[in-house]
Protein chains: 2
Amino acid sequence: MGITRTELFTSKQNEFAQIAKVFGHPARLAILEVLLKSNTCICGDLVEELGLAQSTISQHLKELKTANIIKGNIEGTSVCYCINEEKWFELKANFNELFDRYPNPKDCC
Amino acid sequence: MGITRTELFTSKQNEFAQIAKVFGHPARLAILEVLLKSNTCICGDLVEELGLAQSTISQHLKELKTANIIKGNIEGTSVCYCINEEKWFELKANFNELFDRYPNPKDCC
DNA sequence: ATTATTAATCGTAATATTGCAATATATAGA
DNA sequence: TCTATATATTGCAATATTACGATTAATAAT
């Protein structure tokens, strides 16, 4: 059905999945990497860096913004994007919290 | 088009996105959490824990297995699942590598 | 051998995602 | 005001994902 039965899961699970999904596209990773590499905000430039159409990139940026992973500041006729520092470290903590739940020592297999 | 233009991105980006996508569904997170919580392999049980149909869970397990995040050992008529320890820590490292790329100090916004 | 149990696979329907062209919007500069 | 530039939005078309019932396959128990 293409529809996720979110009612079966905790809101924490649904929210985590939502975020992971945003990381689940190479174009969005590429955008994030450009933002990480440059020490400052990126105004424009993104369309030339990646090989996708402007509208497609705008859409991916929108998803990153909606997930609160990046911020966009209007700068004259263009928009400057950068990573939302607070959210970024929150996500790092969230992922580590998951990864660190690995039982140690474990008793199987 | 629903098709990702993987040719535009590095294999590292594509592979990372592929993994993130696996984490991008609450049912798969729920499965992983069950496996993390119990200190041993889980044989069956998963279908009762989550509220999804058996075939649906089997499909999600397949994706987790394909991504090499979990392993399945046949145990008589049932199958025991557990997290692939090596891969798990590799993923933790991969995600942290990404998160740690945040420029510090940064000079913008 | 027959039956019960468990998990995988198949087929299919519904919905989501990706991508792009075309269009709209908004600001800067002449 | 008119034009150029930059980004967002809209409207598709193609493909992917999610979910489930039905079926299959494989082993265990009787």
Side-chain angles (χ1 to χ4, degrees), chain A residues 1-9 13-14 16-32 34-35 41-67 70-82, chain B residues 1-9 13-14 16-32 34-35 41-67 70-82:
Chain A
M1 300 160 181
I3 190 167
T4 296
R5 295 188 55 186
T6 53
E7 80 278 8
L8 294 177
F9 310 104
Q13 287 168 335
N14 285 317
F16 196 107
Q18 206 65 39
I19 285 286
K21 208 187 276 186
V22 177
F23 283 94
H25 194 290
R28 292 190 286 267
L29 290 175
I31 288 170
L32 290 174
V34 171
L35 296 182
C41 292
I42 293 296
C43 305
D45 297 16
L46 283 167
V47 178
E48 291 122 63
E49 294 271 352
L50 325 179
L52 292 167
Q54 180 266 323
S55 57
T56 305
I57 290 176
S58 189
Q59 228 172 246
H60 284 303
L61 286 168
K62 190 182 179 180
E63 287 181 70
L64 286 162
K65 268 187 290 183
T66 300
I70 67 172
K71 289 187 285 189
N73 301 75
I74 295 170
E75 189 97 356
T77 179
S78 67
V79 180
C80 285
Y81 292 102
C82 63
Chain B
M1 299 164 182
I3 191 170
T4 296
R5 294 190 55 187
T6 53
E7 78 278 8
L8 293 177
F9 310 104
Q13 287 167 335
N14 286 316
F16 195 107
Q18 204 67 38
I19 285 286
K21 207 186 278 185
V22 177
F23 283 94
H25 193 289
R28 292 191 286 268
L29 291 175
I31 289 171
L32 290 173
V34 171
L35 296 182
C41 294
I42 292 295
C43 305
D45 297 16
L46 285 166
V47 177
E48 292 123 64
E49 294 271 354
L50 327 179
L52 292 166
Q54 179 267 322
S55 58
T56 306
I57 291 177
S58 190
Q59 226 171 250
H60 284 304
L61 285 167
K62 189 181 180 183
E63 286 180 72
L64 286 163
K65 269 187 289 182
T66 301
I70 67 172
K71 290 188 285 190
N73 301 80
I74 295 169
E75 189 97 358
T77 179
S78 68
V79 180
C80 285
Y81 292 102
C82 64

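The model shown is predicted, which means the values in this text are computed figures rather than measured ones. Throughout, a chain's letter reflects where its sequence line sits, starting with A, and its residues are numbered from 1.
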A.B. asks: Using every non-hydrogen atom in the two residues, find where B/Ala67 and B/Val22 come nearest and quote the distance to one decimal.
C.D. replies: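 Answer, listing the atom of B/Ala67 first, then B/Val22: CB-CG2, 3.9 Å.
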A.B. asks: Considering every strand and a 4.0 Å limit on heavy-atom distances, what is the contact class for B/Ser55: base, sugar-phosphate, or nothing?
C.D. replies: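 It contacts base atoms.
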A.B. asks: Please evaluate residues A/Gln18 and A/Asn14 with respect to the criterion side chain to side chain contact (heavy atoms under 4.5 Å, CB included), reporting the C-alpha separation (whole Å), side-chain torsions for both, the decisive distance (0.1 Å), and the verdict.
C.D. replies: CA-CA 6 Å; A/Gln18 206 65 39; A/Asn14 285 317; 6.0 Å; no
A.B. asks: Over how many whole Å does the gap from B/Ile57 atom CD1 to C/dA8 atom C1' extend?
C.D. replies: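 About 13 Å, once rounded to whole Å.
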A.B. asks: Run the numbers on A/Asp45 and A/Val34 for side chain to side chain contact (heavy atoms under 4.5 Å, CB included), then give the verdict.
C.D. replies: CA-CA 10 Å; A/Asp45 297 16; A/Val34 171; over 6 Å; no
A.B. asks: For residues B/Thr4 and A/Pro26, report the shortest heavy-atom separation together with the two atoms involved.
C.D. replies: CG2-CG, 3.6 Å
A.B. asks: Which residues in residues 21-29 of chain B have a heavy atom closer than 4.0 Å to any atom of DNA chain D?
C.D. replies: B/Lys21, B/His25, B/Arg28
A.B. asks: Taking only N and O in the side chain of B/Thr56, is any of them less than 4.0 Å away from OP1 or OP2 of D/dA19?
C.D. replies: no
A.B. asks: Given atom CD of A/Glu48 and atom C1' of D/dT7, what is their separation to the nearest angstrom?
C.D. replies: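 The distance from CD of A/Glu48 to C1' of D/dT7 comes to 13 Å, rounded to the nearest Å.
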A.B. asks: Identify the two heavy atoms, one from A/Tyr81 and one from A/Leu46, that lie closest to each other, and give their separation to 0.1 Å.
C.D. replies: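 Scanning both residues completely, I find the closest heavy atoms to be CD1-CD1, 4.2 Å.
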A.B. asks: Quick one: which of C/dC20, C/dT15, D/dT15 gets closest to the side chain of A/Leu52?
C.D. replies: C/dC20
A.B. asks: Identify, between A/Ser78 and A/Thr6, the residue whose nearest nucleotide on DNA chain D lies closer to the 5' end.
C.D. replies: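 Looking at the nearest nucleotide for each, A/Ser78 comes out on the 5' side.
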A.B. asks: Would you tell me if any nitrogen or oxygen in the side chain of A/His60 comes within less than 4.0 Å of OP1 or OP2 on C/dG19?
C.D. replies: yes
A.B. asks: Given side chain to side chain contact (heavy atoms under 4.5 Å, CB included), test B/Leu8 with A/Leu50 step by step and report yes or no.
C.D. replies: CA-CA 7 Å; B/Leu8 293 177; A/Leu50 325 179; over 6 Å; no
A.B. asks: Does A/Gln54 offer a backbone N or O that forms a donor-acceptor pair with the side chain of A/Ser58 under 3.5 Å?
C.D. replies: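 Absent.
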A.B. asks: Supply the atom-to-atom distance B/Lys21 NZ to A/Lys21 NZ, rounded to the nearest 0.5 angstrom.
C.D. replies: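 Those atoms lie 10.5 Å apart.
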A.B. asks: If you measure from CZ on A/Arg28 to CD on B/Gln13, what distance do you get to the nearest 0.5 Å?
C.D. replies: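 It comes to 13.0 Å.
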A.B. asks: Please report, rounded to the nearest Å, how far the C1' atom of C/dT6 is from the CG atom of B/Leu46.
C.D. replies: 13 Å
A.B. asks: Rounded to the nearest angstrom, tell me the gap between atom CD in A/Gln59 and atom P in C/dT17.
C.D. replies: 11 Å
A.B. asks: If you assign B/Phe9 and A/Thr4 each to the DNA chain C nucleotide with the nearest heavy atom, which residue ends up on the more 5' nucleotide?
C.D. replies: A/Thr4
A.B. asks: Given atom CD1 of B/Ile3 and atom C1' of C/dA16, what is their separation to the nearest angstrom?
C.D. replies: 15 Å
A.B. asks: Could you check how far CG of A/Asn73 sits from P of D/dA6, rounded to whole Å?
C.D. replies: 18 Å
A.B. asks: Expressed in angstrom and rounded to an integer, what is the separation of B/Leu61 atom CG from C/dT6 atom P?
C.D. replies: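 Answer to the nearest Å: 15 Å.
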A.B. asks: Please write out the pairs of protein N or O atoms and N or O atoms of nucleotides 23-29 of chain C separated by less than 3.5 Å, giving the distance to one decimal.
C.D. replies:
none

A.B. asks: What is the distance from CD of B/Glu63 to P of C/dA7, rounded to the nearest Å?
C.D. replies: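 Going from B/Glu63 (CD) to C/dA7 (P), I get 18 Å.
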A.B. asks: What are the two closest non-hydrogen atoms of A/Leu32 and A/Phe23, and how far apart are they?
C.D. replies: CD1-CE2, 3.7 Å
A.B. asks: Please confirm whether the shortest side-chain N or O distance from A/Tyr81 to OP1 or OP2 of D/dA8 is below 4.0 Å.
C.D. replies: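 The answer is yes; a side-chain N or O of A/Tyr81 sits under 4.0 Å from OP1 or OP2.
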A.B. asks: Base, sugar-phosphate, or nothing for A/Ser58, non-hydrogen atoms under 4.0 angstrom?
C.D. replies: base
